[in-house]
Amino acid sequence: MLCSFEHIICSSNQDSPHLKVKPNSKRGGSGCVQIGVECYGGGLWHTWFDRDLGVSGRVLVRKTCPDTGKEKIEQQFVRIEKPVARISNLAIHLQTAEERGAFKVNKEEHLSPIIGTQAVLESEATNQLNKVGNGSDDPWNSKQEPELMKLIAGELGIETKQIANYELGLFDCQPACLGGMKDEFLYSARLDNLATCFVALESIIDYSNCESVEEDDMVSMIALFDHEEVGSESTHGAGSPIMDNAVKRITSAFSSDGSFNDLHASAVRTSFILSVDQAHAVHPNYCNKHEKNHGPKMNAGVTIKTNQNQRYATNGVTGFIAREIAKKAVDSLPMQEFVVRSDCPCGTTIGPIISALTGIRTVDLGMPQLSMHSCREVMGTADLTHGFNLFNAFFKHFNEIDECLEG
């Protein structure tokens, strides 16, 4: 039975910059069949050129209920591993001297992927359009690229006319792999921020299986949000009421006799959040971009992020708690510090947002990486272990560290 009502939360975002298929996907020209896409987040879009791209996302499927005969809409997930799309670079021979000197991407004109040629797909597309037109009275279907519709339907084992809507994005088909002379690097897409999500999930699973969890009187949880890359202001982003409501509802489950307000106030005061988002490692070719005393290195430990203008939620107390947790972890983990240069702008995380909405103490952390927001990123493999051990120690030892603090 809970008695302290403390919530110790490892929070993060699970979205990454990528290309999303537009609502009206049909697009083409110059003998090629293309699909229209929109940029999601602040990606390094030049890195998406000449990559083999697949399609994945959520599809709304029309089905008939066998009992009533009424139509129902099911949500299904689709992931097409086949490299069906590609954004090709313009040959250097066709570029001006100015274009060769600086690669500038027009996000509307240059990023539409090619999925085929009209000469090959034209008869197939015409047949598919006829099927859609004869089998569906939904005008939405006529605005979609027929070959894309056919591809999705084939993957889900349905007819194209059953597709009512979709939310699709493109992804790099190249799988993650180890690299470096001693396999000390992880090369992968979307390390920012799926690496954090993976480590957070693995750590709480590991903690839930240990014997000490039976004596734990705190609420241990992870919270993974969407839309951090575009501001977090959505129904399921960190700017929504989800986190605050979760704490209130959990606390209310253990309150009685009108004691909720006091219990909730106590829970907020004693709770703690790790806001974890990948950190910027020092790039050896651009080392002057980092403040010289606060340059995190790969494979050298999790990084504490601090910004006095509240772009990060870390303060003196929460940073201290993070360092003490590291000392309690297996092998006494190394920790690093990151502060942006005073002449550079600073990014932000969900940390300040959640802290402001809930009133819960928060520290911003991250595992260092290079190529952030590229189609293909890199981080140190040792930092995955550092992150796992730190989060695990957070669930195990936060309470004993917090009890030492006065005030």
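Atoms considered below: every heavy atom in the structure, side chains included; atoms not considered: hydrogens, waters and symmetry mates. Only a predicted model underlies this, so the values are computations on that prediction, with no experimental measurement involved.
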Side-chain (Q369) to main-chain (E377) donor-acceptor, under 3.5 angstrom: no

Would you sort out whether N315 and T318 count as a side-chain hydrogen bond (donor to acceptor under 3.5 Å, both in side chains), showing the intermediate values? CA-CA 5 Å; N315 59 35; T318 61; 3.2 Å; yes

Answer yes or no: does atom NZ of K104 have more than 12 heavy-atom neighbours from other residues, nucleotides or ligands under 6.0 Å? no

Which pairs count as side-chain hydrogen bond (donor to acceptor under 3.5 Å, both in side chains) when at least one residue sits in residues 299-310, sequence neighbours excluded? none

Residues that H397 engages under side-chain hydrogen bond (donor to acceptor under 3.5 Å, both in side chains), provided they are two or more places apart: E400

Please report the C-alpha distance between S25 and Q144 in whole Å, then the side-chain angles of each, then the deciding distance to 0.1 Å, and finally whether the side-chain hydrogen bond (donor to acceptor under 3.5 Å, both in side chains) criterion is met. CA-CA 5 Å; S25 62; Q144 307 311 314; 3.0 Å; yes

Taking only residues two or more places apart in sequence or in another chain, which ones pass ring-ring contact (aromatic ring centres under 6.0 Å, His included) with Y166? W140

Which residues pass the salt bridge (charged side-chain N to carboxylate O under 4.0 Å, His left out) test with E38, sequence neighbours left out? none

Set of salt bridge (charged side-chain N to carboxylate O under 4.0 Å, His left out) partners for D226, sequence neighbours left out: none

Name all residues meeting the salt bridge (charged side-chain N to carboxylate O under 4.0 Å, His left out) criterion together with D343; count only those two or more places apart in sequence or in a different chain, and write none if there are none. R341

Is there a side-chain contact between I80 and S56, using heavy atoms and a 4.5 Å cut-off? no

If you define the side chain from C-beta out and look only at heavy atoms, does anything of Q278 sit under 4.5 Å from T196? yes

Should K327 and E324 count as an ion pair when the cut-off is N to O under 4.0 Å? yes

Note: T251 and H7 closest approach over all heavy atoms is OG1-CE1, 3.5 Å

When you look at CG of N285, are more than 12 heavy atoms from neighbouring residues, nucleotides or ligands closer to it than 6.0 Å? yes

Applying side-chain hydrogen bond (donor to acceptor under 3.5 Å, both in side chains), which residue pairs with at least one partner in residues 348-358 are found, sequence neighbours left out? T349-D364

What residues, two or more places apart in sequence or in another chain, satisfy salt bridge (charged side-chain N to carboxylate O under 4.0 Å, His left out) together with D15? none

Residue pair N261 / H264, side-chain donor-acceptor N/O under 3.5 Å: no

Count the heavy atoms of every other residue, nucleotide or ligand shown that sit under 6.0 Å from NZ of K328, and state whether that count exceeds 12. no

Expected output: side-chain S203 to main-chain V199 donor-acceptor under 3.5 Å: yes

Within the side chain of D216, is there an N or O that forms a donor-acceptor pair under 3.5 Å with the backbone of S208? no

Is it true that the side chains of Q75 and R58 contain a donor and an acceptor less than 3.5 Å apart? yes

R51 side chain vs I87 backbone, donor-acceptor pair below 3.5 Å: no

Give a yes or no on whether R249 atom CZ has more than 12 heavy-atom contacts from other residues, nucleotides or ligands under 6.0 Å away. no

Which residues pass the side-chain hydrogen bond (donor to acceptor under 3.5 Å, both in side chains) test with E71, not counting sequence neighbours? R62

Applying ring-ring contact (aromatic ring centres under 6.0 Å, His included) to F198 and not counting sequence neighbours gives none

Would you say the side chain of V302 lies within less than 4.5 Å of the side chain of D383, judging by non-hydrogen atoms? no

State whether E155 and K82 are salt-bridged, where the test is any N-O pair (Lys NZ or Arg NE/NH1/NH2 against Asp/Glu carboxylate O) under 4.0 Å. no

By side-chain hydrogen bond (donor to acceptor under 3.5 Å, both in side chains), which residues pair with E184, not counting sequence neighbours? none

Going by an N to O cut-off under 4.0 Å, is there a salt bridge joining R27 and E108? yes

Please lay out, stage by stage, how I354 and S11 fare under the test side chain to side chain contact (heavy atoms under 4.5 Å, CB included). CA-CA 9 Å; I354 296 181; S11 66; 4.0 Å; yes

Under the side-chain hydrogen bond (donor to acceptor under 3.5 Å, both in side chains) test, residues paired with N245 that sit two or more places apart: none

Using side-chain heavy atoms (C-beta onward) and a distance below 4.5 Å, is K143 in contact with K26? no

